[in-house]
Each structure stands twice: as structure tokens, then as C-alpha cells.
2 protein chains.
Amino acid sequence: MESQDLKKAGLKATLPRVRVLQLLENSEQRHMSAEDVYKFLLDSGEDVGLATVYRVLTQFEAAGLVSRHHFEGGLSVFELNEGRHHDHVVCVKCGKIEEFTDDIIEERQRNIAKLKGFDMTDHCLYIYGICHGCQKPR
Amino acid sequence: MESQDLKKAGLKATLPRVRVLQLLENSEQRHMSAEDVYKFLLDSGEDVGLATVYRVLTQFEAAGLVSRHHFEGGLSVFELNEGRHHDHVVCVKCGKIEEFTDDIIEERQRNIAKLKGFDMTDHCLYIYGICHGCQKPR
DNA sequence: ATAATAATGAGAAGCTTTTGCATCACTAAC
DNA sequence: GTTAGTGATGCAAAAGCTTCTCATTATTAT
């Protein structure tokens, strides 16, 4: 139940927050921009403001409930944090996003951070390319 | 000589282009935002417009002369492409940027892209953390 | 030099994201 | 069950950052 997750994160379970969380949990699209979230909620008949969507997503990010990604082209999207860290493969034509994890890469990243004297807080790896579907000729 | 590089890239060697390229080549700061470039040029007495800086940087990116990065927090910076690809470690406190390459990570990225059926066009890895200097207590 | 073409600077416009503020909702004490 | 106090919301305005428009200027080829 979403209210519990919110409470645990130190956030009051208000309607907009619950709705945004539900949407992120149930949407087909795992990766959504703030605008996407806003439109989905409006279409579902919710009376929510875009500013609130931004506020809520920012709070969720601060609470660790969601992650925010800035993809090539300046597109920024949010996704629910469930379980472990993962990285992304993004199609530059159709925007399709696939996820993956690679323990060896993870391991080497930790080493590099240590080697450079950094206390790592976050890391992300984006592979851009043209997906199978988009490679086909017109 | 910068004019040659520009010609090779299929761009006319106009004054603003040469100046931007020179700046990227000679600046202390390898990573600069469009605003940074603009201000540096103004301070050097150049009469350049911000719009031109954006145009030129975008052209350079298209021509492969520079790379553009979108760091956490939405900051986007440009850097000169010299030689091979590299990745970045970024201090989330002071903004310090260090570069690195790791052949094993590169190799694994290629494999992942292939495995996912993607024709890889680009890839980037960002490690965020707190650098040695910023870890010290106030 | 001169004509044709492309690039520039300045400001306007477009997006995305944040802020200010009056209103509304919730919590907790009476 | 009311009522005060706190925090959250929606709307509109504002703040970035980036792109576009267009008259002017520079560049290239003749």
C-alpha cells in the first residue's frame, strides 16, 4: 500500500503523492517525464497541478523513492526505485529504454572512485544506440 | 591551426568559430557550459552573441569536434574531443571533474549493446561522489 | 571588386522547472 | 465536533536555459 511507503519515507500520504506513486508503480512506461506524469494524472481525472508533480517527484527523489535521469538530448525522466541499481540502454531513434546490470562494471566503478579519492554517492551508465526495430530500412 | 580543423569538419573558418575552438583548446577548464564560453569570450574582448555560442557548439558537436555532457542536476557542459573516449568522475560538492578510461568496462558495454540488439552510437558513464578535498570537515 | 551565400548579434520566443501566495486539507488539542 | 496550527496544493508568475527570427555583416567564389 502506497501510504505506507510514503510514511516510511517521511512524507505525508497526501492524495497527489499517492497518485504519483501509484502511477509510477503501475504504468506500462517505467520511465516518465514530469510532463508525462502530469498528463496521465489529468487523463485519469485527477485535478493536479504541474507544479505539484514536480514538487512531489523532487521529494520522492530526495527520499530515495525514485531516480531521475538526464538522457542525451536533455530529456529527463523519473523511474521508481525498486530493488537494486541498474543502468540503461537508450534508443536514440524511438526512445526505447532497456535496463541492465553488470557486476563487473559495478565493481570497477567502485575501484575507480576509490582510486580517485572520491566517496561515491551515485553513478550511471548510459548506452545510446539504435535498437533492433529502428535499424530496419524504411 | 584551428582554421584547418574547422575546414576539415566542413565548417567555414569564421571568427566566432575559431575563437570558441581556441578557447576550448586552451582553457584551464576542460569542461565548460555555453554560458562559460560566452563569458570567457566577452571578457577576452570578443563581441560575440550567446546565440552564436550555442549555434557553434551545436555545430561542433554534430561535427564530432566536441562532446556534450548532461551531468546530474541538469548542468550541461561541452568538452573538446581529443583522441579517445573517456568517462567522468564528478564531485557533487565542488563540481571538480576527473576523467578516466577503463578498457574492460568499454568492452563489456559493447557486449551489452550487442546483446540487446542495439547498434551503439555513444555511451557515457558518470561516477558522482565527494572528492577528497570536499570530504574534509568544515 | 562584386555578387551570391552563409553566418552573426540582438532580442524575442519556447520549454522546462521553480517560486510566491492565497486557499485548502489534515492533525491534534480543546 | 470545533477550532487553531501546520503543511500541501493549485494557479499564475517568474526564472533558467536554449532556440528561433531577422536584419545586418562577413565570407567565398567569380
Side-chain angles (χ1 to χ4, degrees), chain A residues 2-7 9-23 31-63 65-78 95, chain B residues 1-23 31-63 65-78 95:
Chain A
E2 291 78 11
S3 323
Q4 298 312 314
D5 301 332
L6 288 171
K7 296 261 176 61
L11 296 167
K12 278 198 211 162
T14 63
L15 223 166
R17 285 177 188 156
V18 172
R19 289 287 181 258
V20 171
L21 194 50
Q22 284 179 336
L23 179 57
H31 302 83
M32 306 180 81
S33 69
E35 190 74 28
D36 289 339
V37 171
Y38 175 61
K39 286 194 178 137
F40 266 81
L41 291 180
L42 284 193
D43 288 351
S44 324
E46 296 297 325
D47 178 25
V48 69
L50 182 55
T52 300
V53 170
Y54 274 104
R55 268 187 298 237
V56 167
L57 287 171
T58 302
Q59 290 158 353
F60 284 6
E61 189 189 9
L65 292 176
V66 307
S67 296
R68 185 177 193 148
H69 299 283
H70 299 278
F71 291 138
E72 218 173 68
L75 175 67
S76 56
V77 299
F78 296 83
Chain B
M1 202 207 185
E2 290 79 11
S3 324
Q4 298 313 313
D5 301 331
L6 288 172
K7 296 261 177 59
K8 250 186 287 179
L11 296 168
K12 278 196 213 167
T14 63
L15 224 167
R17 286 179 186 155
V18 173
R19 289 286 180 261
V20 170
L21 194 50
Q22 284 179 337
L23 179 59
H31 303 83
M32 307 179 82
S33 69
E35 190 75 29
D36 289 338
V37 171
Y38 176 60
K39 285 193 179 140
F40 266 81
L41 291 179
L42 283 193
D43 289 351
S44 323
E46 297 297 326
D47 178 24
V48 68
L50 181 55
T52 301
V53 170
Y54 274 103
R55 267 187 300 239
V56 167
L57 288 171
T58 302
Q59 291 159 351
F60 284 7
E61 189 190 8
L65 291 175
V66 307
S67 296
R68 187 176 192 148
H69 298 284
H70 298 279
F71 290 137
E72 216 173 65
L75 175 69
S76 58
V77 300
F78 296 84

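Source: prediction; values computed, not measured.
The interatomic distance linking B:Leu41 (CG) with C:dA10 (P) rounds to 13 Å, in whole Å. Straight-line distance from the CZ atom of B:Arg17 to the C1' atom of C:dG9: 14 Å, rounded to whole Å. With rounding to whole Å, A:Asp47 atom CG is found 14 Å from D:dA8 atom C1'. The separation between A:Arg19 atom CZ and D:dA8 atom P is 18 Å, rounded to whole Å. The CG atom of A:Leu50 sits 17 Å away from the P atom of D:dA14 (whole-angstrom rounding). D:dC17 atom P lies 14 Å from atom NE2 of B:His70, rounded to whole Å. Atom-to-atom, CD of B:Glu35 to C1' of D:dG16 comes out at 10 Å; the value is rounded to the nearest Å. In this structure, the NZ atom of B:Lys7 is 13 Å from the C1' atom of D:dA29, given to the nearest Å.
For B:Asp36 (side chain) and B:Ser33 (main-chain N/O), a donor-acceptor pair under 3.5 Å exists by modelled atom type. Using modelled atom types, no side-chain atom of B:Arg68 and backbone atom of B:Ser76 make a donor-acceptor pair closer than 3.5 Å.
When all heavy atoms of B:Ser3 and B:Ala13 are compared, the pair lying nearest together is CB-CB, 3.8 Å. Looking at every heavy atom in both residues, B:His70 comes nearest to A:Gly73 through NE2-N, 3.8 Å.
Nearest to the side-chain atoms of B:Ser76 among the listed nucleotides D:dT28, D:dC11, D:dT18 stands D:dT18. For B:Ala51, counting side-chain heavy atoms from C-beta on, the closest listed nucleotide (C:dT17, C:dT18, D:dC20) is D:dC20. Candidate nucleotides D:dT9, C:dA6, D:dT18 were compared by shortest atom distance to the side chain of B:Lys12, and C:dA6 ranks first. With D:dC20, D:dG10, C:dT16 as the choices, the nucleotide that has an atom nearest any side-chain atom of A:Tyr54 turns out to be C:dT16.
Between A:Thr58 and C:dT17 there is no side-chain N or O to OP1 or OP2 distance below 4.0 Å. Dashed line: the shortest gap from a side-chain N or O of A:Ser33 to OP1 or OP2 of C:dT17 is not under 4.0 Å.
Nearest-nucleotide assignment on DNA chain D puts the 5′-proximal partner with A:Leu11, out of A:Leu11 and B:Thr52. Each of A:Arg55 and A:Ala34 was matched to the nucleotide of DNA chain C holding its nearest heavy atom; the match closer to the 5' end belongs to A:Ala34.
Nucleic acid contact for A:Leu15: none, since no nucleic acid atom lies under 4.0 Å from a heavy atom of the residue.
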Applying side chain to side chain donor-acceptor pair (under 3.5 Å), run through B:Arg55 and B:Thr52 and close with a yes or a no.
-> CA-CA 5 Å; B:Arg55 267 187 300 239; B:Thr52 301; 3.2 Å; yes

